[in-house]
Structure formats: structure tokens, C-alpha cells
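Here's the structure we're looking at; comments come further down.
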Amino acid sequence: MIVGGGTAGWMAAAALAKVFPGTLSIRLIESEQIGTIGVGEATVPHLKLFNQLLQIDEAEFVRAVKGTFKLGIEFVDWAQVGDRYFHGFGTIGHDFGLLPFHQYWLKAHRLGKAAELGAYSLHTVAGPRGKFMVSAEDVPKGSPLADIAYAYHFDAGLYAKYLRRYAEQRGVRRTEGKVVDVRLRGEDGFVESVVLESGERIDGDLFLDCSGFRGLLIEQTLHAGYEDWSHWLPCDRAVAVACENFGPPTPFVRCTAREAGWTWRIPLQHRTGNGYVYSSAHIGDDEAAARLLGQLDAPAMGEPRVLRFAAGQRRKVWDRNVVAIGLSAGFLEPLESTSIYLIQSGIARLVNLFPDTGFSPAVIDRYNAQTAFEIERIRDFIILHYCATERGDTPFWRYCRAMEIPAPLAETIRLFRDSGRFYRNAEEMFAVTSWVEVMIGQGILPRAWHPAVDQLSDAELQRLMDDVQRVIAACVEAMPTHQQFIARCCAAA
Ligand SMILES: Cc1cc2nc3c(=O)[nH]c(=O)nc-3n(C[C@H](O)[C@H](O)[C@H](O)COP(=O)(O)OP(=O)(O)OC[C@H]3O[C@@H](n4cnc5c(N)ncnc54)[C@H](O)[C@@H]3O)c2cc1C
């Protein structure tokens, strides 16, 4: 039983219907009266794997959700006002010997023999030039064009509709109605049934709570508890508004640091999504809305809408026979577009640890431990953007610069600053390249490089830098523009 028909509910319904065809009886309850949150337009490359699992045709999908493509995120004014860097999804240069490319770059940069780090990444060069293509099959193996990581920007409402159609075609039964009561089993407190406003009572074995921020089952009924991370991520509101398109769509999200938070700009085929994520302790709703409207590239479409949230995580995302997926499980601001990814990984983990009616506590504990580890690492990655700022121009940024940060993040930064090294646990989401790009983009420049780099002479090092930069520049030159690519492959009707 799935309670909630937002992105989380329909992603879960579609995936479970695909993975367990005919073996699970899946019902989804949603209330049009309550509605969905309706934002969530930028994604990460992992979503391609989800679409592959569902055997969704990419061009059909992009057309249906009026989507565009995303090579990464451009961060403006984060380290200092006037700064700009790109977090691209791909690799930087190529590993050489046993070392990652950035180790060589560190020395070359110190010697004045290297350009900015981004010059060695296809994504970082192509994005700002408005170039995009998917991986090419007719290029030599090892060419940067052979393996291009990318994600999508899409209309969240159309995405939920698309998945609903997919799930219903595969047997998921949708019930329109508002859940007004939840019944628990006397002996063990498991959820037994939900009761709709109409009086209908619906029983189930496993309940997925996809009811959004309210956490109807996991919190309002089971009181799983919430770990609040607002002291590290003080933004607690967002105001969002779409505007008309202005110029060709960029193949990236732009995130610009503002006086009390940051704004996003996400281009779709039919409009551009905009929002200001801010700390209500540092700016009022009206002023935030005025600031957002004041910096739009084109006329607004509709009125700005304010959304409230608290950064954090449910203490137990799986409690008894209820698994929280989506906003009911927790929330991290959309700076790195990770919420839909967290839905996807929650579903993947559930499929992996799918319970029988015995609901083994060991299985539940494993699920909760993995979920906590994953979201805490993502949380730290997001905090990095704030704490590694040199801005001191507003109270908000002075708070971020001075705040105490989680110990694992402090250790990660110290190791990188001292040695340029970064270690990734197999179960964490962001790749080494992502951390390196953001750390260097935020101005954390390591003091040293790996000693093995010194095996290359200065001339060899220079040649390595020049060769990679030349190959990247030539590849980007050969790419079509993002707009040309969409027009050719997947323009919406
Ligand atoms: C400002 C902002 C920007 C965001 N941007 C991004 C982004 O760029 N990328 C990204 O990955 N994520 C983003 N997110 C997160 C993303 O919006 C959510 O992860 C995603 O929409 C999933 O929401 P949901 O399905 O969990 O909840 P919701 O969309 O809130 O859906 C809840 C569902 O539960 C139903 N429901 C609730 N109560 C009842 C009841 N009593 N009876 C019956 N039904 C009920 C509702 O009708 C609805 O169908 C953003 C979030 C915010 C706040």
C-alpha cells in the first residue's frame, strides 16, 4: 500500500510494479484536494538507471516531461561575490598512472603551467558554451565523447503523470481520497489499515509513506522522530515561480548565492523554473519574493509560492511495517538536486531488502543504517558549499562561515587541504570528482600533491595538461548546441 501520489509515490509504484509483476498487489491512495508539492525539477545522472530499470525510452520520456539535459551546476558568488565555478557530472582529465588527474593538476597549477581545473572537464567547458550531446558510439574508445554523464531537468507534475500512466498500465490500483484515520494492530502496533474520508477502510501488509512533509504514517501515527539539521543548513523556506523562457536553454542549473540563501534557475522546454531558498531568520517572505522576482530573466508566469521545510532526517525511516520514502523520510535543500535521487535509492534499497510478513528487525536495521549513512554524506556535501565560503557581507554568510560543522566533514576538508586526497565509501552518492570540484571551486586548495606526481618532469607535466585541454576543447567544438540536440531528438509537441 502506498499513501501519497507525488513523485515519491509514483516512482515507488512504477518500480515495484516493474520488479514484482503479478506477485504484489499494489494500491496507491492520493488526494487531489491535498495535492503534491509540485517542485523538483532538477535531477542527477542516477535517474538514467531508474529509467533503464523501467525500460523507458529516453526521447519519449524527455518529450513527455518537456525536459532538457543537465551537465552539472554552475555556482555563482559562493566562495566570494564575483566567483563562479561548475560542478560537472563527468570526469576531470583522465587518471594517469595510479593517481587521479587532479593530483597532477595541483602541481601544474602551483607552477603556473595549468589553466583552471574546469578546462580539463568536458562538462565544465561544454556547459557554459551551451553545448550538449549524449555519448557517441562512433568515436574511439576513451574519447571524452564516448561516455558523457548527464541528468535531466523536467516538469515535476508531468513526471508524476508519466509514472502514473506507467504504473497503472502495470496493474497498480489508484484510489482517490483523503486518509483521515490510521488503524494499528493491538499486539505489536503495526499499521493494519487506513481509513478514507468516504469511510472506506483499506488493509495492507507493507505501507509506504509517501505523504510528503507531513509524514502521515511514519510521524503522525508512529512518531518515529525527526533529527533536525537546521543549525548546519539554516535555510528553511523557498519561494518558487516559473518564468517564460529567455534564450536557448542552458544544459545546467545555475545556483547563485544571495544575501540570505541562494536562487536556482532551471530551464525546461516550455518555461524556466526559478526559486529562492532562504533562511527565514535572515530575510522575510515578502522580501525574498521581491528579490526573486527582481532577478528573473523574463516575465513571471503566475504568483510566487512559499514553501516551508526543516533540513533533517526521520530517526527511523523504516518503522514496523511502514517505510517512509520521499519528503516524509527527510529533507535536504535542493542545492545539489538530491531529493529525487534519495527517493530512487530508497526504492532500490527496499527492493533489495524487501521483507516477508515476518518483518525481520535485522532487515529493518540494515535499511535504516544504510539510509542514514547515505543522507549524512549528502548532507555534508551540501554543508561544504556553505561553510567553505569567504563571504562575510551579510549576517547569513557570517553565520555559515563560522558555524561548527559535522566532524566527518571537518576531517574530509582537513585531509584534502593537507594532501589533495579524498576517500569515498562505496555506499556514498557523490563521486570523488564532485567533491574535488566543489572543494576547489569553494577555494579549498590543497597545500601539497601526491609525491608520485614528481616522477613527471615539469615538461612532461606541461604536456599532459596541454594534451588533455586540447582534446577537451576539440570535443566540445564538435558537439551540437543543447538546443540543436533537443530539436533533433526530443522536442516536446
Ligand atoms: C523548494 C523545493 C525545491 C525542490 N527542488 C528539487 C529538485 O530540483 N530536485 C529534486 O530532486 N528534488 C527537489 N525537491 C524535492 C522534491 O520536490 C520532492 O522530493 C518530490 O517532489 C517528492 O515529494 P513527495 O512525493 O515525497 O511529496 P508530495 O509531492 O508532497 O506528495 C505527497 C502526496 O501525498 C498525498 N497525501 C498527503 N496526505 C494525504 C492524506 N491524508 N490522504 C491521501 N493522500 C495524502 C498528497 O495528495 C500527495 O499526493 C524540491 C523540494 C522543495 C521544497
Side-chain angles (χ1 to χ4, degrees), residues 1-13 27-47 50 70 73 151-157 159-161 163-164 174-182 194-198 200 202 207-221 235-241 253 255 261-266 268 273-278 288 292 304-311 314 317 324-347 378 429:
M1 162 87 59
I2 300 173
V3 176
T7 308
W10 284 114
M11 281 178 79
R27 277 189 83 165
L28 184 147
I29 304 169
E30 66 175 319
S31 158
E32 270 170 27
Q33 190 192 333
I34 294 176
T36 65
I37 189 147
V39 278
E41 298 181 326
T43 62
V44 290
H46 306 69
L47 193 69
F50 187 74
K70 175 178 172 191
I73 305 173
Y152 312 99
H153 308 126
F154 55 56
D155 180 324
Y159 184 51
K161 265 192 202 148
L163 291 178
R164 174 178 164 185
R174 172 188 182 274
T175 302
E176 168 62 37
K178 188 169 161 190
V179 175
V180 291
D181 193 17
V182 182
V194 294
V195 182
L196 304 186
E197 211 167 27
S198 63
E200 186 185 358
I202 306 176
F207 288 80
L208 302 194
D209 185 345
C210 299
S211 65
F213 283 129
R214 54 180 58 73
L216 187 67
L217 306 179
I218 197 76
E219 192 58 53
Q220 291 184 1
T221 309
C235 288
D236 57 355
R237 291 197 192 165
V239 54
V241 73
V253 176
C255 292
W262 58 277
T263 54
W264 79 73
R265 183 181 165 284
I266 303 176
L268 306 179
N274 304 276
Y276 186 176
V277 175
Y278 56 94
L292 176 67
R305 197 159 60 97
V306 174
L307 301 139
R308 291 158 190 242
F309 48 80
R314 205 65 64 198
V317 284
I325 294 186
L327 298 173
S328 59
F331 185 69
L332 288 173
E333 59 183 73
L335 186 60
E336 286 281 352
S337 323
T338 42
S339 283
I340 293 172
Y341 164 77
L342 284 166
I343 295 173
Q344 175 182 346
S345 79
I347 295 168
I378 295 174
M429 177 202 170

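In each ligand, atom 1 is the first atom listed, and ligand 1 is the first ligand listed. Counting from 1, the numbers follow the sequence of the chain as shown.
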For residues Q344 and L342, determine if any side-chain heavy atom of one lies less than 4.5 Å from a side-chain heavy atom of the other.
no

Is the centre of the Y278 ring less than 6.0 Å from the centre of the Y276 ring?
yes

T7, any N or O under 3.5 Å of ligand 1 N or O:
yes

Which label fits F331 and F309: parallel for a plane angle under 30°, tilted from 30 to 60°, or perpendicular past 60°?
tilted

So is G275 close enough to ligand 1, meaning a heavy atom under 4.0 angstrom away?
no

Where does Y341 meet ligand 1, judged by heavy-atom distances below 4.0 Å: at the side chain, the backbone, both, or neither?
neither

Would S328 and R314 count as having a side-chain donor-acceptor pair, cut-off 3.5 Å?
no

Just need the protein heavy atom nearest to atom 25 (O) of ligand 1, so name the residue and atom and give the distance.
A8 N, 3.0 Å

Please report whether ligand 1 has a polar contact with A238, defined as an N or O pair separated by less than 3.5 Å (distance criterion only).
no

Considering only heavy atoms from C-beta outward, does the side chain of Y341 approach that of L47 to under 4.5 Å?
no

Non-hydrogen atom of W264 closer than 4.0 Å to ligand 1
yes

Write out the residue and atom name of the closest protein heavy atom to atom 46 (C) of ligand 1, then the distance separating them to 0.1 Å.
G35 O, 3.1 Å

Should K178 and L196 count as side-chain neighbours, where that means a heavy-atom distance under 4.5 Å?
no

Testing I2, I325, L217, L327 for side-chain contact (heavy atoms from CB on, under 4.5 Å) with D209, which one passes?
L217

Under a 4.0 Å heavy-atom limit, does L307 contact ligand 1 with its side chain, its backbone, both, or neither?
side chain

Answer yes or no: is there a side-chain heavy-atom contact under 4.5 Å between E41 and H153?
no

I'd like the name of whichever of C210, S337, A240, G212 reaches closest to atom 33 (C) of ligand 1 through any heavy atom.
C210

Ligand 1 versus E333: contacting region, heavy-atom distance under 4.0 Å
neither

Please state which option from V179, V44, D181 has its nearest heavy atom closest to atom 41 (N) of ligand 1.
V179

Run down the list I340, L196, I37 and name the one with the heavy atom closest to atom 11 (O) of ligand 1.
I340

Among V3, V39, I34, which residue places a heavy atom closest to atom 16 (C) of ligand 1?
V39

When you measure from the heavy atoms of A329 to every atom of ligand 1, does any distance fall below 4.0 Å?
no

Indicate whether the side chain of K70 and that of S337 have a donor and an acceptor atom separated by less than 3.5 Å.
yes

Answer with side chain, backbone, both or neither: which part of V180 has a heavy atom less than 4.0 angstrom from an atom of ligand 1?
neither

In sequence, state the C-alpha distance, the side-chain angles, and the governing distance for E336 and V44, and then conclude on side-chain contact (heavy atoms from CB on, under 4.5 Å).
CA-CA 8 Å; E336 286 281 352; V44 290; over 6 Å; no

Checking contacts here: is it the side chain or the backbone of S339 that comes within 4.0 Å of ligand 1, counting heavy atoms only? Could be both or neither.
both

Which segment of A42 sits under 4.0 Å of ligand 1 when only heavy atoms are counted
both

T43 contact mode with ligand 1 (heavy-atom cut-off under 4.0 Å)
neither

